[in-house]
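Keep in mind the model is a prediction, meaning the values are calculated, not measured.
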Amino acid sequence: MTPLLRAEHVSVHFHARSGLISSSTVRAVDDVTLVVNRTETVALVGESGCGKTTLGRALLRLVEPSSGTILFDDESILSFDKGRLRTFRRRAQAVFQDPYSSMSPYMTVGEIVEEPLRIHGLAGSVESILEQVKLTPPEEIAAKYPHNLSGGQRQRVSIARAVTLSPEFIVADEPVSMVDASNRAEILSLLRELQSEHGIAFLYITHDIASARHFSDRIAVMYLGTLVEIGASDLVISDPRHPYTEGLLAAVPDPNPDNRNKMRKTIPGELPNGAEVPPGCPFHPRCTKAIGGTCEVVRPRPSLLASGREVSCHLYSGRKES
Ligand code: SF4
């Protein structure tokens, strides 16, 4: 596989005021290294507030990292001037959680989808793009306004706008979380279709590890700004190694209706905020497998297991695990 995007030791820290005179440093993203290969989908999974969206935005340079490097097609996007950033924006796009808030209510669907083409001085057929995202009949849909559409249709418009410029990389941030359950699978399979037709690589951001299994080649699990486990999706789901990944999977509802009333396990405690990252392993206050005297003091480094998966946990430090 050829890397398209390579983020190395990326951190996004910012200062938050916590009173009239005091402020604290929020470590939204902390020393993240991640590769997204061409035509690959990497799911970035974790609880709300763990830094997934900030990382996704940093990879598109919609927020400036505090440190680290981000290479796109072997070029550092952090050194791009305005002109090169504009070209990068054609090649790397975003689909956001709430399509309604990211489109003007005064523009028709046709104008919304055409806007990126106009900005970049490119030609293209709005109708054929609407057909690609299965918004038909395209002439009728193009004349509508966002408020005339269902949530699922609006998200398709947002996907149409993202693919208009034929990007190589799309950050899809919770693209189905505000869509009816009945439309979720359809929208994810549309993204899959577009990916195989156009060779797009995706970073699929989600809090739902169950949907990540069906829509990704690899899963990266994020906890409090850091990546704790990265590996092939089937492997991470069938045989999770990090205690946090195990906790996320144990909390997934059982699809079997006979087990509807079975209690789901939850991860104890709450996700701390990024201004109060615990010392040692950030997960140690919530971890049922914490090793006393080590986990609360020493931060685990990523260990590469024989299966090609990386896990940041003292249970695997220095071990040759399959
Ligand atoms: Fe739990 Fe320790 Fe592993 Fe952190 S390093 S996940 S506290 S066992």
Side-chain angles (χ1 to χ4, degrees), residues 1-7 34-45 52-53 55-57 59-60 62 70-74 77 87-97 99 102 113 116-117 120 122 124-136 138 152-179 183-221 230-237:
M1 279 205 161
T2 324
L4 175 63
L5 182 134
R6 185 187 291 276
L34 179 69
V35 170
V36 180
N37 295 303
R38 286 185 187 278
T39 74
E40 179 190 39
T41 296
V42 176
L44 184 60
V45 173
K52 309 182 295 290
T53 293
L55 176 59
R57 286 176 168 266
L59 299 183
L60 294 175
L62 296 174
I70 302 173
L71 302 180
F72 185 80
D73 209 4
D74 289 331
I77 67 165
T87 310
F88 171 65
R89 300 244 176 274
R90 264 170 57 181
R91 302 176 68 190
Q93 287 282 316
V95 173
F96 296 111
Q97 177 177 19
S102 60
V113 175
L117 292 169
H120 289 275
L122 299 169
S125 158
V126 169
E127 274 78 20
S128 86
I129 294 162
L130 291 177
E131 267 177 344
Q132 276 184 49
V133 299
K134 305 195 175 21
L135 282 171
T136 53
Q153 285 176 318
R154 277 201 289 268
Q155 195 53 291
R156 284 170 196 269
V157 172
S158 151
I159 294 166
R161 190 174 51 180
V163 297
T164 301
L165 299 172
S166 307
E168 292 147 78
F169 177 53
I170 292 181
V171 172
D173 188 355
E174 301 275 12
V176 292
S177 64
M178 292 183 74
V179 170
N183 280 313
R184 280 180 202 157
E186 277 182 24
I187 289 195
L188 288 179
S189 79
L190 169 67
L191 291 175
R192 267 288 194 209
E193 236 173 74
L194 292 168
Q195 176 178 48
S196 58
E197 269 170 38
H198 303 287
I200 304 167
F202 277 95
L203 182 73
Y204 169 54
I205 297 177
T206 179
H207 64 278
D208 176 13
I209 196 165
S211 76
R213 171 185 217 159
H214 302 293
F215 184 60
S216 64
D217 304 298
R218 288 188 299 140
I219 291 177
V221 182
I230 310 176
S233 303
D234 285 349
L235 216 53
V236 171
I237 298 282

- Message: Could you go through Gln93 and Leu165, starting from their C-alpha distance and side-chain angles, then the distance that decides it, and tell me whether this counts as side-chain contact (heavy atoms from CB on, under 4.5 Å)?
- Response: CA-CA 9 Å; Gln93 287 282 316; Leu165 299 172; 3.6 Å; yes
- Please lay out, stage by stage, how Asn183 and Val176 fare under the test side-chain contact (heavy atoms from CB on, under 4.5 Å). CA-CA 8 Å; Asn183 280 313; Val176 292; over 6 Å; no
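Counting heavy atoms from C-beta on, the side chains of Ile159 and Ile187 come closer than 4.5 Å. The shortest side-chain heavy-atom distance between Val95 and Gln155 falls under the 4.5 Å cut-off. Between Lys134 and Glu186 the shortest side-chain heavy-atom distance does not fall below 4.5 Å. Using a 4.5 Å heavy-atom threshold, the side chains of Ser211 and Leu188 count as touching. Residues Pro116 and Arg161 have side chains in contact (heavy-atom distance under 4.5 Å, counting atoms from C-beta outward).
Looking only at distances, no side-chain donor or acceptor of Arg218 sits under 3.5 Å from a matching main-chain atom of Ile230. Looking at Ser233, its side chain does come within 3.5 Å of a backbone N or O of Ser216 through a donor-acceptor pair. A donor-acceptor distance shorter than 3.5 angstrom exists from the side chain of Arg89 to the backbone of Leu60, with no hydrogens or angles considered.
Annotation: the span from Ile170 atom CD1 to Leu194 atom CG amounts to 7.5 Å, rounded to 0.5 Å. Thr41 contributes atom OG1, which lies 8.5 Å from atom CG of Leu191 (distance to the nearest 0.5 angstrom). Here Glu193 contributes atom CD and Ile200 contributes atom CD1; the two are 11.5 Å apart, rounded to the nearest 0.5 Å. Separating the CD1 atom in Ile129 from the CG atom in Leu135 is a distance of 11.5 Å, to the nearest 0.5 Å. Here the CG atom belonging to Leu71 is positioned 9.0 Å from the CD1 atom belonging to Ile77, to the nearest 0.5 angstrom. Here the CZ atom belonging to Arg213 is positioned 12.0 Å from the CG atom belonging to Asp208, to the nearest 0.5 angstrom.
Between Pro3 and Val35, the shortest heavy-atom contact is CB-CG1, 3.8 Å.
Under the salt bridge (Lys or Arg N to Asp or Glu O under 4.0 Å) criterion, Glu168 pairs with Arg38, Arg91, not counting sequence neighbours. With sequence neighbours left out, the salt bridge (Lys or Arg N to Asp or Glu O under 4.0 Å) criterion links Arg90 to no other residue. For the side chain to side chain donor-acceptor pair (under 3.5 Å) test, residues two or more places apart in sequence or in another chain that qualify with Thr53 are Asp173.
More than 12 non-hydrogen atoms from other residues, nucleotides or ligands lie less than 6.0 angstrom from CZ of Arg184.
Between Phe215 and Tyr204, the two ring planes are perpendicular [angle over 60°; tilted spans 30° to 60°].
Under the 3.5 Å distance criterion, with hydrogens and angles disregarded, no donor-acceptor pair is assigned to the side chains of Glu131 and Ser128. Side chain to side chain, Arg192 and Gln195 meet the donor-acceptor criterion of an N or O pair below 3.5 Å.
A side chain to side chain contact (heavy atoms under 4.5 Å, CB included) with Leu5 holds for exactly one of Val171, Asn37, Leu59, Leu203; it is Leu59.
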